[in-house]
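The chains referred to below are lettered A, B, ... by the order of the sequence lines, with proteins before strands, and numbering in each begins at 1. Any value given below was found using the heavy atoms of this structure, including those in side chains, with hydrogens, waters and symmetry copies removed.
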Number of protein chains: 2
Amino acid sequence: MKSSARGRRSSATRTARNPEATKTQILDAAEEEFARYGLAGARTEPIAANTGVTKAMIHYYFGTKEELYQAVLKRQAALFLSAVEQVDVSDLSPEAALRKFLRLAVDYENTQPYHGKVLLHEAMTNEGKYFKLTGWEVPIGLGAAVLQRGVDEGCFRPLDPWLTMVHIMGVMSFYFNAANNLKQLEPLSDCQSPEAIEAFAESAIAFVLAGVLKQPGESAS
Amino acid sequence: MKSSARGRRSSATRTARNPEATKTQILDAAEEEFARYGLAGARTEPIAANTGVTKAMIHYYFGTKEELYQAVLKRQAALFLSAVEQVDVSDLSPEAALRKFLRLAVDYENTQPYHGKVLLHEAMTNEGKYFKLTGWEVPIGLGAAVLQRGVDEGCFRPLDPWLTMVHIMGVMSFYFNAANNLKQLEPLSDCQSPEAIEAFAESAIAFVLAGVLKQPGESAS
DNA sequence: GTCTATACTGCGATAGAC
DNA sequence: GTCTATCGCAGTATAGAC
C-alpha cells in the first residue's frame with residue numbers, strides 16, 4: 001500500500017550541518033506527508049527518509065509530531081498571507097477583483113499543491129483544531145468583502161457573500177483534491193497535465209463569474 | 001488527540017450471535033472511521049470498540065483492514081446507485097433535471113455524511129486505487145449528459161459538461177467536508193445546524209444554476 | 001460466533017556516542 | 001548537529017478456547 005510517496009529520497013541533496021536547510025527540508029517532507037495522510041495518519045519515518053536524516057533529527061528540531069504539524073501549518077500561513085497581501089484589489093471593479101482572486105487560487109494550487117490538502121485534512125481528520133493557525137480568515141474575509149461590494153454596486157446578483165465564498169472555494173479546490181479519483185474517468189484521465197489544468201482554470205473562472213454576475217434584465221435587490 | 005469519535009460505543013445495542021447484524025454494525029463503525037482517517041490512518045481498534053465486538057471479529061468477517069475498506073466502498077456504492085436509479089430525469093427540462101440532482105446531492109450528504117468523505121480520502125490518501133469500486137462513473141456520466149442536453153437545447157451556456165460536473169461536485173461537497181474549519185469563522189459558526197444546511201442548499205443551488213444557465217441575451221453556441 | 005491471549009511489527013520518542 | 005541504539009506502547013493479525 002505504501003506508494004512512491006514513502007521512502008523516496010528528497011530531490012534536494014542534503015548538506016551536512018546546515019541547520020536552516022535541514023529544518024526547511026524536514027518541513028518540506030512533512031508537508032507532503034501531512035497533505036496525504038493528515039496529522040493522525042502521517043508517519044515520521046517517511047518524513048525522515050525523504051529528508052535524508054534520521055527520525056531523531058525531527059524531534060531535535062521540532063519536538064513531537066504534533067508540534068511539527070503545527071510548524072507546517074504556520075509556515076504555510078506565512079507564505080500564503082504574503083501572497084495574498086501582494087494582491088491589491090481596492091481600485092478594481094468587483095468583477096475584476098474576483099477574477100484576480102480566482103486566478104491566484106488556481107496558481108496557488110499549482111505552485112503549492114500541498115497547501116489545500118493539508119487544510120482539508122485539518123478539517124476532516126483533526127476537526128479543525130488548528131485551523132486558526134492557517135490564517136485563512138483573512139483571505140476569506142477579503143473575498144466576502146469583494147462579493148458584498150459587488151452586490152452593493154449592483155453588478156453581482158443578491159447573494160450571501162460568506163456562503164458564496166464557500167461555493168467558490170469548493171470549485172477551486174475540488175478538482176485538485178479529487179484528481180486521483182477524477183483521472184480514472186475517461187474524459188478526465190489527463191486532468192493533471194498543465195493543459196488540462198489551464199482548461200480547468202478557464203472553465204472554473206467562467207463558471208464562478210456566471211454564478212455571481214447579475215443578468216442584464218435582473219432587478220436590483 | 002483521539003477525540004470523541006474513538007472508543008465510543010455504537011448507539012445500536014448489540015445482539016449476540018446475529019451474524020448479519022454484526023457485519024452491518026462493523027461496516028457502520030468502519031465507514032465512520034475511514035471517513036475520518038482514510039484507509040492508511042484508520043485503526044481497527046476503535047472500529048471494534050464502536051461496534052461492541054473484539055478486533056478478532058473484524059478479521060473473522062472481513063479479513064484484513066484493506067478488505068474491510070473495500071467492503072465499505074462496495075456497500076456505499078450499492079446504496080448510492082440505488083438512490084440514483086430511483087431518479088428519473090428523462091422527461092424533465094435540463095434545468096429541472098439539474099435541480100433534482102442538486103437536491104439529491106444535498107440530501108445525500110445529509111443522510112449519508114460519511115459517503116463523500118470516504119470518497120475524498122480515497123483520492124487523497126489512497127491515490128484513487130479503489131475508486132472504481134464506488135460506482136461514481138454512473139452518476140457523473142448522467143450529470144454530464146444532462147448538462148450536454150442543456151447546452152444542445154440552448155438553455156445552458158456553452159460549457160464543458162465534464163469539467164462543469166466537477167465544479168458542481170466541488171460546490172456540493174466542500175461545505176460538508178470543510179465544515180470543521182468553516183465553523184470557526186464567525187459568520188459560519190452555526191454551519192452544521194439544519195437551518196444553516198438548508199440555507200446552504202438554497203444558496204448552492206442558486207449559484208450552480210446561475211453558473212450554467214444561459215443569460216437571456218446570450219447568443220447560441 | 002465470539003472471546004482471550006499472544007505473536008509480531010510499526011511507530012513515536014529518548015539516551016548517549018561522536 | 002547528526003547518528004545509532006533502544007525503550008515502550010500501539011497496531012494488525014492469528015491461534016485456540018468456549
Interatomic distance where [atom1] belongs to [X] and [atom2] belongs to [N] [whole Å]:
X       : N      : atom1 : atom2 : result
A:Glu20 : D:dT2  : CD    : P     : 11 Å
B:Ile47 : D:dG11 : CD1   : C1'   : 12 Å
A:Phe62 : C:dG12 : CZ    : C1'   : 16 Å
B:Leu68 : D:dA13 : CG    : C1'   : 13 Å
A:Ile58 : C:dC11 : CD1   : P     : 13 Å
A:His59 : D:dT2  : NE2   : P     : 15 Å

### Query
Are B:Lys100 and B:Asp88 ion-paired here, with the side-chain N under 4.0 Å from a carboxylate O?
no
### Task
Tell me which nucleotide among D:dT2, C:dG1, C:dG12 gets nearest to the side chain of A:Tyr60.
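Among the listed nucleotides, the one closest to the side chain of A:Tyr60 is D:dT2.
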### Task
Ignoring the backbone of B:Thr64, work out which of D:dA13, D:dT14, C:dT14 is nearest its side chain.
D:dA13
Below the 4.0 Å mark, does [N] have OP1 or OP2 next to a side-chain nitrogen or oxygen of [X]?
X       : N      : result
A:Thr22 : D:dT2  : yes
A:Thr54 : D:dC3  : yes
B:Arg43 : D:dT12 : yes
A:Tyr61 : D:dT2  : yes

### Query
When you match A:Ala56 and B:Glu45 each to their closest nucleotide on DNA chain D, which lands nearer the 5' end?
A:Ala56
### Query
Mind checking whether A:His115 and A:Tyr108 have parallel, tilted or perpendicular rings, split at 30° and 60°?
perpendicular
### Query
Any side-chain heavy atom of A:Leu98 sitting closer than 4.5 Å to one from A:Ile168?
yes
### Message
Measuring only between side-chain heavy atoms, which start at C-beta, is A:Tyr175 closer than 4.5 Å to B:Leu163?
### Response
yes
### Query
Can you list the steps and then say if B:Tyr114 with B:Gln76 is a side chain to side chain donor-acceptor pair (under 3.5 Å)?
CA-CA 9 Å; B:Tyr114 305 125; B:Gln76 284 189 338; over 6 Å; no
### Query
With a non-hydrogen cut-off below 4.0 angstrom, is B:Thr44 in contact with a base, only sugar-phosphate, or nothing?
sugar-phosphate
### Task
Let me know, please, whether A:Lys55 or B:Met57 comes out on the 5' side of the other along DNA chain C by nearest nucleotide.
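Looking at DNA chain C, the more 5' nearest nucleotide goes with B:Met57.
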### Query
Mapping A:Lys65 and B:Asn18 onto DNA chain C by nearest heavy atom, which one lands closer to the 5' end?
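Per heavy-atom nearest nucleotide, the more 5' residue is B:Asn18.
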